[in-house]
Amino acid sequence: MCIGTETDLAKNRTFHITTFGCQMNEHDSEIMAGMLAEKGYEPVNTRDEADIVIFNTCSIRENADKRFFGTLGQLKHRKLEEREAFTVCVCGCMMQQQHIIDTLKSKYPWVDIVFGTHNLHQLPILLDNLYNENKKQIEVWQDGGEIVEGLPAKRLFKHKSFVNIMYGCNNFCSYCIVPYTRGRERSRRPEDIVTEVRKLASDGVKEITLLGQNVNSYRGCGEKCETDFTDLIYMLSEIDGIERIRFMTSHPKDLSDKLIDAFRNCDKLCKYIHLPVQAGSNDVLKAMNRKYTRESYLKLVKKIRTAVPSIAISTDIIVGFPGETEKDFEDTLDLAREVGYDSAFTFLYSIRQGTPAAKRTDQIPEEIKHQRFNRLVEVINSISAEKNREYRGTTQMVLADGVSRSKEGTYEGRTDSFKLVNFVGEPGLEGKIIPVKITDSNTFSLTGERE
Ligand code: SAH
Ligand code: SF4
Ligand code: F3S
């Protein structure tokens, strides 16, 4: 069989990536797009236009799984009609589970390429194999192995970027699938991260968001294993051109005083923290294996607010964890009121096959879960609206991300505290950090005028 060169194979082939899930997945998709563009494949805006369709999946809740299978099913007709001219690839967290692979094999045998979270760097090779040898492949690694450095990424924004500092998770919260789909915790070497951020800065990036499932347990091994997360922040803050540093996500069980000090001492570290609490009842927190108590969490919030009174705090909350009583739930409502979150992501507990909580026999009926969910959202939204109201009349430095898709003629940007701001501005503001006077607010955003 004739083996074509890379450019031959990629020639005129277009691709589209659909991403489900969190920032990790978004960033993985940017890396896949970078690798494909480097090989000569061309990105297009819609699945219909693309010769290669890639789904980067998420498995965090059942509806994420369902949405993926629903969307994938829509491609069957086209695949059977166009055959070799149309390539379907699936990857991401769902693929790290055997029952998903089994479903794909039995119900979606027309899918061309399946790979997992640990070997996404293989995508170009898997495509080469398909086009050279007409070989359909399922290639999923069970473990992370060595971290692959130096992969290109095609960023969504010119002025801001995600930066992975670690992979995987060792926490095994009893409801969560991530430790099974992303493997054990592995930190990148600090010098590799610094090199990447320097390169980003020279390419015009002003804001970086450091990504990890629990950034507080970052342990960077250069010559010695002595760089912790806060050290890394200070190292990155020395890089000229980088003006804002954010991070996701911080586990409350091991957030250090050193990090809290960094919020005060490091101007570039944005005054915003996402601190998932998950529940306000000690019984539920224990059953979730979160390793902190309601009291220690509240103490931590107090410490952070004492150090930086203006800091914005957001959280994740799960409603309807197995065994959750009305009293447990009310403890969560109370905690949400006491903390006064700027915003919160609220989730209905979803059974994830293979996790300890899935085996529990005291699952909460859907109807009760939904009722509690609605009550929680009401509390959260009224606090968010109140918090946003406090911004009225202030002037905020806003990084302009681009023109708003929802409101014609307006820009969207973020304050240092991660509040979304809509404002009218002339073309060319994208990527600039500018003062905006806040004139109005609602539950989810602020409105302002350029100063
Ligand atoms: N590593 C991060 C969270 C990653 S997953 C952390 O520990 O904070 C994002 C959020 O999804 C979690 O914080 C949790 O609130 C939610 N989540 C995870 N598993 C879930 C499940 N089985 N059902 C409902 N929500 C879940
Ligand atoms: Fe999941 Fe817990 Fe790890 Fe977060 S810390 S990814 S919730 S296991
Ligand atoms: Fe993220 Fe979903 Fe995987 S939340 S880590 S893409 S399971």
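Note that ligands are numbered from 1 as they come in the structure, with each ligand's atoms numbered from 1 the same way. The structure displayed is predicted, hence computed values, not measured ones.
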Out of all atoms in ligand 2, which are within 4.0 Å of some heavy atom of Pro179? Include the element for each.
8 (S)
Protein heavy-atom partner closest to atom 11 (O) of ligand 1 - residue, atom, separation in Å:
Arg61 NH1, 3.2 Å
For ligand 2, which atoms have a heavy atom of Arg290 less than 4.0 angstrom away?
2 (Fe), 7 (S)
Quick one: does NZ or CZ of Arg13 land under 6.0 Å from the six-membered ring centre of Tyr41, within 45 degrees of the ring axis?
no
With a sphere of 6.0 Å drawn around CD of Glu149, does it hold more than 12 non-hydrogen atoms of other residues, nucleotides or ligands?
yes
Close-contact set for ligand 2 against Gln213 heavy atoms, below 4.0 Å
6 (S)
Close approach, Arg182 and ligand 3, non-hydrogen under 4.0 angstrom:
yes
In the protein, what heavy atom is nearest to atom 6 (C) of ligand 1, and what distance, to one decimal place, separates them?
Thr249 CG2, 3.8 Å
Out of Lys160, Arg246, His159, Lys268, which residue meets the side-chain hydrogen bond (donor to acceptor under 3.5 Å, both in side chains) rule with Glu207?
Arg246
Need the ligand 2 atom indices (1-based, order shown) with element for anything under 4.0 Å from a heavy-atom of Cys176.
1 (Fe), 6 (S), 7 (S), 8 (S)
Is it the side chain (CB and beyond), the backbone, both or neither of Tyr175 that lies under 4.0 Å from ligand 1, heavy atoms counted?
both
If you have a sec, work out which protein heavy atom is nearest atom 7 (S) of ligand 2 and how many Å separate them, to one decimal?
Tyr175 OH, 3.4 Å
Glu326/Arg375 salt bridge by N-O under 4.0 Å criterion:
yes
With respect to atom 5 (S) of ligand 3, which of Met24, Gln213, Arg352 exhibits the smallest heavy-atom separation?
Gln213
Near His251 (heavy-atom distance under 4.0 Å), the atoms of ligand 2 are 5 (S)
Protein contact to atom 14 (C) of ligand 1 [nearest heavy atom, distance to 0.1 Å]
Gln278 OE1, 3.4 Å
Please determine, by modelled atom types, if Tyr175 and Ser350 share a side-chain donor-acceptor pair under 3.5 angstrom.
no
Just let me know how Leu348 lines up against ligand 1, side chain, backbone, both or neither, with a heavy-atom cut-off below 4.0 Å.
backbone
Heavy-atom contacts with Phe172 under 4.0 Å: which atoms of ligand 2 show up? List them by number with element.
8 (S)
Suppose we only count N/O/S atoms under 2.8 Å; would Cys173 qualify as near atom 2 (Fe) of ligand 2?
yes
Proximal atoms of ligand 1 relative to Arg352 (non-hydrogen, under 4.0 Å):
22 (N)
Residue Val178 vicinity, atoms of ligand 2 by number, heavy atom under 4.0 Å
6 (S)
Which atoms from ligand 1 have a heavy atom of Pro276 less than 4.0 Å away?
8 (O)
Does the side chain of Asn381 pick up a donor-acceptor pair with the side chain of Ser384 at under 3.5 Å?
no
Is the Phe247 ring parallel, tilted or perpendicular to the Phe263 ring (thresholds 30°, 60°)?
tilted
When you check the side-chain N and O atoms of Asp51 and Thr14, is any donor under 3.5 Å from an acceptor?
yes
Residue pair Asn216 / Ser250, side-chain donor-acceptor N/O under 3.5 Å:
yes
Do the two ring centres, one from Phe69 and one from Tyr108, sit under 6.0 Å apart?
yes
A student checking ligand 2 against Cys169 at a 4.0 Å heavy-atom cut-off should list atoms 3 (Fe), 5 (S), 6 (S), 8 (S)
Counting only heavy atoms, which portion of Cys93 has something under 4.0 Å from ligand 3: side chain, backbone, both, or neither?
side chain
Do any heavy atoms of Asn214 fall under 4.0 Å from ligand 1?
no
Shortest non-hydrogen contact from Ile245 toward Ile233:
CD1-O, 3.9 Å
For atom 9 (C) of ligand 1, the protein heavy atom that lies nearest, with its residue and separation
Asp316 OD2, 3.7 Å
Is it true that Gln213 and Thr249 share a donor-acceptor pair across their side chains at a distance under 3.5 Å?
no
Are Arg182 and Asp28 close enough for a salt bridge, meaning some N to O gap below 4.0 Å?
yes
Does only the side chain of Arg290 get under 4.0 Å from ligand 1, or the backbone, or both, or neither? Count heavy atoms.
side chain
Closest protein heavy atom (residue, atom, distance) for atom 5 (S) of ligand 1
Ile60 CD1, 3.5 Å
When you compare the side chains of Asp65 and Ser59, does any donor N or O come within less than 3.5 Å of an acceptor on the partner?
yes
If you measure every N or O of Gln213 against every N or O of ligand 1, does any of those distances drop under 3.5 Å?
yes
For Tyr349, counting its heavy atoms only, list the atoms of ligand 1 lying under 4.0 Å from any of them.
23 (N), 24 (C)
Nearest non-hydrogen protein atom to atom 5 (S) of ligand 2, with distance, is Asn171 ND2, 3.4 Å
Determine the sole option in Lys253, His251, Glu185 for which the side-chain hydrogen bond (donor to acceptor under 3.5 Å, both in side chains) test with Ser217 is passed.
Glu185
Would you say Glu62 has more than 12 foreign heavy atoms packed within less than 6.0 Å of its CD?
no
Any side-chain donor near an acceptor of the partner, Thr19 and Asn25, under 3.5 Å
no
Taking both backbone and side chain into account, is any N, O or S atom of Cys22 nearer than 2.8 Å to atom 2 (Fe) of ligand 3?
no
Residue, atom and distance of the protein heavy atom nearest atom 2 (Fe) of ligand 3 read Cys58 SG, 2.4 Å
Which residue holds the protein heavy atom closest to atom 7 (S) of ligand 3, what is that atom called, and what is the gap in Å?
Ser59 N, 3.3 Å
Could you say whether the N/O atoms of Ser350 and ligand 1 ever approach to under 3.5 Å?
yes
Looking at Phe418, I'd like to know if the NZ or CZ of Arg414 sits under 6.0 Å from its six-membered ring centre while staying within 45 degrees of the ring's axis.
yes
I'd like to know whether ligand 2 has Arg182 as a neighbour, heavy-atom separation below 4.0 Å.
no
